[in-house]
Visitor: 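Attaching a single structure in structure tokens format; questions to follow.
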Amino acid sequence: MAEGIPARAQGKPVLTSRDHERVRTLVLDRPEALNAFNEQLYDELTEALLAAAADPGVAVVLLTGNGRAFCAGTDLKEMHRRSTDPAFVPGKHGFTGLVDALAAFPKPLVVAVNGLAVGIGLTVLGFADLAFAADDARLKCPFTSLGVAPEAASSYLLPRLIGRQNAAWILLSADWVSAREAREMGLVWKTCAPGDLIETAERHCATLAARPVSSLRAVKESMVAPLRADIAAARERENAYFAELMGGPANLEALTAFAEGREPDFTRIPE
């Protein structure tokens, strides 16, 4: 781990970090869980982004995943425990803290999507300045299949990024999008062979990292500042809907079905 990124005492780190010529590469490292976010990973990535933002030696951050997935979203087993166990203890930052850090991150953020990208694995692209994907990557937002609402200002950022109808399909259908479709929509900037993904992303990061950090920050702030109020408003709406639906009949049916290894049945869930 890079200096300034604390490891959690309760287990091995689930995020790795390496620095090279002012590019800090952060790698989600729960490959056995397809890099799904548990509370530990939310906290470690949040702390890593805060450290990179404050480190004058870091010009660009590259985010990717270890193994055959970029990120399988939120850890549904832990989400089920959180919904049903009154004794569940959340992390320091959690999902909300991570989105705060993404929204406020002042330097270029580059994302390289290797393999599956689900939930936050897709919605993080709304905060990316550049996004690359392997040709075999598949992405989806599973919110309606989990009986919950959108997250991470995706109800605002995705329509702005890829257009109303593309965003509506992704957010409403909970269906898969291929890497080719993601590139055609504008959800990712470039696609390449899986074996070339990191080299391609690193090459573009190196170009950015050769520029003055003060200028990079000024460009990013100029682009993002007009959006901050709308991002905050979208998050507030989404959080209200999420709080209303989380733990409700549809969400519990989805999480129970996942735990039991079956498809959820929403046909008898009242509105």
Side-chain angles (χ1 to χ4, degrees), residues 1-2 5-20 23-49 51-52 61-82 90-95 97-99 101-102 109-125 127-128 131-142 145-146 151-152 174 176-179 182 187-188 191-202 205 255 258-259 261:
M1 300 292 287
I5 304 175
R8 290 171 62 110
Q10 63 265 42
K12 73 178 184 70
V14 290
L15 183 80
T16 63
S17 174
R18 62 179 181 270
D19 289 357
H20 180 68
V23 177
R24 177 163 294 172
T25 300
L26 303 176
V27 183
L28 308 179
D29 195 19
R30 295 187 72 213
E32 73 288 349
L34 300 180
N35 299 322
F37 273 90
N38 60 2
E39 292 293 295
Q40 182 181 355
L41 186 52
Y42 279 128
D43 282 359
E44 289 189 18
L45 182 54
T46 301
E47 293 287 346
L49 290 171
V61 164
L62 170 60
L63 177 64
T64 191
N66 179 23
R68 63 189 183 92
F70 169 55
C71 171
T74 294
D75 188 316
L76 294 182
K77 292 181 179 178
E78 188 176 83
M79 180 187 280
H80 186 260
R81 290 199 304 273
R82 183 168 189 160
K92 175 183 177 182
H93 298 288
F95 171 81
L98 174 58
V99 179
L102 288 167
L109 175 65
V110 179
V111 177
V113 178
N114 55 299
L116 303 180
V118 179
I120 185 65
L122 186 155
T123 58
V124 69
L125 299 179
F127 296 100
F132 301 84
D135 289 335
D136 61 354
R138 295 195 300 153
L139 309 89
K140 75 171 176 177
C141 285
S145 67
L146 294 173
E151 65 180 19
W176 290 103
V177 172
S178 69
L187 187 60
V188 301
T191 57
C192 56
D196 297 333
L197 176 66
I198 298 304
E199 187 278 331
T200 299
E202 288 177 340
C205 286
L255 295 176
F258 177 81

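Just so it is clear, the structure is predicted and the values come from calculations on it, not from any experiment. Every heavy atom of this structure was used, including side-chain atoms; hydrogens, water molecules and symmetry mates were not.
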Visitor: To the nearest 0.5 Å, how far apart are CG in L139 and CG in L187?
Guide: 6.0 Å

Visitor: Drop me the distance from N35's CG to L116's CG, to the nearest 0.5 angstrom.
Guide: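 One finds 10.0 Å between CG of N35 and CG of L116.
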
Visitor: Of all residues at least two apart in sequence or in a different chain, which pass the salt bridge (charged side-chain N to carboxylate O under 4.0 Å, His left out) check with E151?
Guide: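 Scan of E151 (salt bridge (charged side-chain N to carboxylate O under 4.0 Å, His left out), adjacent residues dropped) gives none.
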
Visitor: Given side-chain contact (heavy atoms from CB on, under 4.5 Å), test L63 with L45 step by step and report yes or no.
Guide: CA-CA 10 Å; L63 177 64; L45 182 54; 4.1 Å; yes

Visitor: Within this structure, what is the CD1-SG distance for the pair I120 and C141, rounded to the nearest 0.5 Å?
Guide: 9.5 Å

Visitor: Please list, chain by chain and in numerical order, all residues satisfying side-chain hydrogen bond (donor to acceptor under 3.5 Å, both in side chains) with E32, sequence neighbours excluded.
Guide: none

Visitor: Within the side chain of D43, is there an N or O that forms a donor-acceptor pair under 3.5 Å with the backbone of G94?
Guide: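 Indeed, once roles are kept as given, a pair shorter than 3.5 Å links the two residues.
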
Visitor: Taking side-chain hydrogen bond (donor to acceptor under 3.5 Å, both in side chains) as the test, write out the residues that go with D196, two or more places apart.
Guide: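 Partners of D196 under the side-chain hydrogen bond (donor to acceptor under 3.5 Å, both in side chains) test: none.
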
Visitor: If you compare all heavy atoms of A179 against all heavy atoms of A133, which two are closest, and at what distance to 0.1 Å?
Guide: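 Minimum heavy-atom separation between A179 and A133: CB-CB, 4.5 Å.
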
Visitor: Could you tell me whether a side-chain N or O of E78 sits under 3.5 Å from a main-chain N or O of N38, the two making a donor and an acceptor?
Guide: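 Judged by distance alone, no pair lies under 3.5 Å.
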
Visitor: Show your reasoning for whether side-chain contact (heavy atoms from CB on, under 4.5 Å) applies to F132 and C192.
Guide: CA-CA 8 Å; F132 301 84; C192 56; 5.6 Å; no

Visitor: Hey, could you give me the OG1/CG distance between T64 and L28, rounded to the nearest 0.5 Å?
Guide: 7.5 Å

Visitor: In the structure I gave you, are the side-chain heavy atoms of L62 and E202 within less than 4.5 Å of one another anywhere?
Guide: yes

Visitor: Work out which heavy atom in G65 is nearest to a heavy atom in F70; give both atom names and the distance.
Guide: N-CD1, 3.7 Å

Visitor: I'd like to know if the side chain of T16 pairs up with that of D29 as donor and acceptor (distance under 3.5 Å, no hydrogens or angles considered).
Guide: no

Visitor: Would you say the side chain of L76 lies within less than 4.5 Å of the side chain of L146, judging by non-hydrogen atoms?
Guide: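 Yes, side chains in contact.
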
Visitor: Indicate yes or no: at least one non-hydrogen side-chain atom of K140 is less than 4.5 angstrom from one of V177.
Guide: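 A side-chain contact under 4.5 Å is absent here.
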
Visitor: So, for V113 and L197, which heavy atoms are closest and what is the spacing to 0.1 Å?
Guide: O-CD2, 3.5 Å

Visitor: Quick one: pull up CG in L26 and CZ in R18 and give me the separation to the nearest 0.5 Å.
Guide: 9.5 Å

Visitor: Could you list the residues that satisfy side-chain hydrogen bond (donor to acceptor under 3.5 Å, both in side chains) with S178, not counting sequence neighbours?
Guide: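 Per chain and number, S178 pairs via side-chain hydrogen bond (donor to acceptor under 3.5 Å, both in side chains) with E181.
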
Visitor: Quick check: does any side chain N or O of Q40 sit under 3.5 Å from a backbone N or O of K12, one acting as donor and the other as acceptor?
Guide: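 Such a contact is found between Q40 side chain and K12 backbone.
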
Visitor: Kindly give the heavy-atom pair with the smallest separation between L15 and A48, and that separation in Å.
Guide: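 Looking at all heavy atoms of both residues, the closest pair is CD2-CB, 3.5 Å.
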
Visitor: Determine the minimum heavy-atom distance between P142 and A174, stating which atoms define it.
Guide: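 Nearest pair, atom of P142 first, then A174: CA-CB, 3.9 Å.
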
Visitor: Which value, rounded to the nearest 0.5 Å, describes the distance between F95 atom CZ and T46 atom OG1?
Guide: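 OG1 of T46 is found 10.0 Å from CZ of F95.
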
Visitor: Mind checking side-chain hydrogen bond (donor to acceptor under 3.5 Å, both in side chains) for R138 and listing every partner two or more places apart, or none if nothing turns up?
Guide: none

Visitor: Could you tell me which residues satisfy salt bridge (charged side-chain N to carboxylate O under 4.0 Å, His left out) with D75, sequence neighbours excluded, listed by chain and number?
Guide: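 For D75 the salt bridge (charged side-chain N to carboxylate O under 4.0 Å, His left out) partners, ignoring immediate neighbours, are R30.
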
Visitor: Let's go through V111 and V188 carefully: what are the C-alpha distance in whole Å and the side-chain angles of both, what is the deciding distance for side-chain contact (heavy atoms from CB on, under 4.5 Å) to 0.1 Å, and is it a yes or a no?
Guide: CA-CA 9 Å; V111 177; V188 301; over 6 Å; no

